[in-house]
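The structure presented is a predicted model; accordingly, all values stated were derived computationally and were not measured. Both counts, for ligands and for their atoms, begin at 1 and track the order of listing.
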Amino acid sequence: MFGSATGDGGGGPPAAMRRVSMRDLAAEHASLRPQLDAAVRRVLDSGQFIGGPEVEAFESELAAALGCAHAIGVSSGTDALLGTLMALGVGPGDEVVTTPFSFFATAGAIARLGARPVFADVDPTTLNLDAAAAVAAVTGRTRAILPVNLYGALAELPDAPVPIVEDAAQSIGASPPRAAAATLSFFPSKNLGALGDAGAVLTSDAALADRIALLRSHGARPKYHNLAVGGNFRLDALQAAFLRVKLPHLAAWTVSRRDTAARYRDLFAAAPDLADHIALLRDSPAHVYHHFVIRARDRDGLRRHLAGAGIATEVYYPSPLHLQPCFAELGYQPGALPSAEAAAADALAIPIDPSITAADQEYVVDRIAAYYRR
Ligand SMILES: *Cc1c(COP(=O)(O)O)cnc(C)c1O
């Protein structure tokens with residue numbers, strides 16, 4: 001959207017060295033410390049460390065909290081994608097249409113099954129997979145479509161005669177699953193984070209849920225009788241116990257993220273001179289604001305300037321998936337998916353952790369404005 005110039009990002013020492021972090025997990029865990037300690041003790045005392053009652057309790061609490069029939073706990077968001085695509089029968093020779101602008105796991109899960117990721121461009125106003133472009137990319141070999149609810153905003157679902165799996169790693173709580181299945185990640189920095197790797201699949205399809213549950217434990221049913229070749233995608237009891245401590249707070253954390261996003265929008269609207277340099281992504285009622293992303297002229301210079309002012313930022317994602325070296329054999333060239341490539345050059349996530357204060361946010365927007373006033 002904006003050219004990527006190479007400003008020096010300088011600027012003098014900030015007036016007050018405030019620190020604004022992207023994700024303050026220490027604060028989150030300090031407030032829950034007694035319950036987290038109790039969870040460790042409970043699992044130690046139970047002697048059951050993989051699967052079992054702690055995992056089953058988490059699965060039913062998660063399904064109830066998110067309004068879906070089935071939640072299957074798995075080992076990570078990556079394995080949630082892998083297990084779901086396996087359960088849908090995706091394999092060699094198949095194509096799966098997906099977004100070029102996501103965390104690598106989205107396309108990696110497709111490729112690991114021997115299938116071909118087919119990338120369709122993103123909508124520049126949301127950076128989510130463009131539904132019409134996705135439909136246009138469907139062929140006779142398309143086995144599934146895999147949109148990502150990027151940054152916490154629900155992607156528009158394509159209207160196509162193949163199963164749709166939502167990569168909902170960043171959008172927990174935005175909606176019950178709208179398609180065949182939705183996959184979650186509980187990577188520590190996600191809106192609901194474990195203290196290690198963990199994930200889940202949500203679905204209203206009992207047969208699909210059963211198939212994923214089978215595959216997560218090597219397809220064995222009963223034990224040592226393998227009906228299918230699966231993997232070890234199981235959720236640890238300890239992570240389930242930690243997630244049970246945090247889950248009851250998720251709704252309040254989401255409210256806080258939405259309030260923070262609304263305040264950023266007000267602050268940017270009150271700085272009209274910034275409109276020449278900064279663009280905001282489209283707002284939507286279901287958005288759970290895993291990230292608050294701006295599109296910034298001279299993004300990398302702005303980033304250095306903010307770092308110098310004690311403000312952490314992140315780039316999600318610096319290069320689009322269709323141009324990753326491991327996908328060179330797919331034959332995409334620079335320029336193939338221009339909206340995704342432009343976003344990789346100008347998207348910048350600014351802090352939206354539930355611990356952020358209104359004063360922190362004023363400081364962030366003030367420092368952004370100072371960069372472009374130079
Ligand atoms: C975090 C994330 C994943 C992977 O989750 P892990 O739990 O780290 O394996 C997949 N897709 C998206 C969009 C993510 O943000």
Side-chain angles (χ1 to χ4, degrees), residues 22-23 25 58 62 71-86 96-113 117 119-120 122-123 126-129 134 144-155 157 164-175 177-179 181-202 212 216 231-236 238-240 242-243 246 250 257 281 287-293 314-322 324 340 343-344 347 349 352-353:
M22 284 296 284
R23 190 80 170 91
L25 289 175
F58 171 61
L62 183 68
I72 306 103
V74 294
S75 35
S76 68
T78 300
D79 289 340
L81 288 165
L82 197 60
T84 302
L85 295 179
M86 286 172 84
V96 176
V97 176
T98 192
T99 171
F101 200 60
S102 178
F103 180 62
F104 180 76
T106 309
I110 299 166
R112 275 179 69 190
L113 293 174
F119 297 107
V122 298
D123 173 343
T126 60
L127 306 187
N128 269 325
L129 178 64
I145 302 180
L146 179 51
V148 177
N149 299 324
L150 196 71
Y151 306 145
L154 295 176
L157 298 187
I164 295 176
V165 176
E166 294 174 81
D167 181 340
Q170 302 184 7
S171 65
I172 186 169
S175 159
R178 301 173 294 160
T183 63
L184 300 179
S185 164
F186 306 118
F187 184 80
S189 62
K190 294 282 158 71
N191 286 18
L192 177 64
L195 305 186
D197 280 313
V201 182
L202 309 176
I212 294 165
R216 85 177 149 181
N232 174 357
F233 307 144
R234 293 181 299 251
L235 178 59
D236 288 348
L238 201 50
Q239 298 306 337
F242 292 141
L243 288 162
K246 291 193 182 186
L250 177 65
R257 288 173 179 276
L281 298 181
H287 205 320
V288 297
Y289 284 100
H290 177 55
H291 296 304
F292 190 92
V293 170
E314 283 293 343
V315 173
Y316 304 109
Y317 295 90
S319 35
L321 298 175
H322 65 288
Q324 293 293 341
I352 193 169
D353 185 80

**Q.** Proximal ligand 1 atoms for T78, defined as those under 4.0 Å from one of its heavy atoms
**A.** 4 (C), 5 (O), 6 (P), 9 (O)
Q.
Within the 4.0 Å heavy-atom shell around T106, which atoms of ligand 1 are there?
A. 11 (N)
Q | Side-chain donor or acceptor of Y151 paired with backbone N/O of Y316 under 3.5 Å | A | yes
Q. Does E166 use its side chain to pair, donor to acceptor, with the backbone of R178 at less than 3.5 Å?
A. yes
**Q.** For S102, atoms of ligand 1 separated by under 4.0 Å from a heavy atom
**A.** 13 (C)
Q: Run the numbers for me: atoms of ligand 1, each under 4.0 Å from some heavy atom of F103, listed by number.
A: 2 (C), 3 (C), 4 (C), 10 (C), 12 (C), 14 (C)
Q. Should you measure from each heavy atom of G77, which atoms of ligand 1 turn up under 4.0 Å away?
A. 5 (O), 6 (P), 7 (O), 9 (O)
Q) Once the angle between the rings of Y317 and F103 is folded into 0 to 90°, is it parallel (under 30°), tilted (30 to 60°) or perpendicular (over 60°)? A) tilted
(Q) Looking at every non-hydrogen atom in both residues, tell me the closest pair between L157 and A179 and how far apart they are. (A) CD1-CB, 4.1 Å
(Q) Please report the interatomic distance CZ(F186) to CG(L243), rounded to the nearest 0.5 Å. (A) 5.5 Å
Q. Taking the non-hydrogen atoms of H290, is any one of them nearer than 4.0 angstrom to ligand 1?
A. no
Q | Distance from atom 11 (N) of ligand 1 to nearest protein heavy atom, with residue and atom | A | D167 OD2, 2.8 Å
Q | Option set S185, P188, S189, criterion heavy-atom distance to atom 7 (O) of ligand 1, minimum | A | S185
Q.
Using a 4.0 Å heavy-atom cut-off, which part of V148 comes near ligand 1: side chain, backbone, both, or neither?
A. side chain
Q. Between K190, Q170, H291, which one has a non-hydrogen atom sitting closest to atom 2 (C) of ligand 1?
A. K190
Q) Of the non-hydrogen atoms in K190 and A169, which two are nearest, and what is the gap between them? A) CD-O, 3.3 Å
Q. If you measure from each heavy atom of G199 to ligand 1, is any distance below 4.0 Å?
A. no
**Q.** Donor-acceptor under 3.5 Å (D123 side chain, N128 main chain)
**A.** no
Q) Considering residues at least two apart in sequence or located in another chain, which fulfil the side-chain contact (heavy atoms from CB on, under 4.5 Å) criterion with D236? A) I50, Q239
Q.
Just to be sure I read this right, does ligand 1 sit under 4.0 Å from the backbone of S76, its side chain, both, or neither, counting only heavy atoms?
A. both
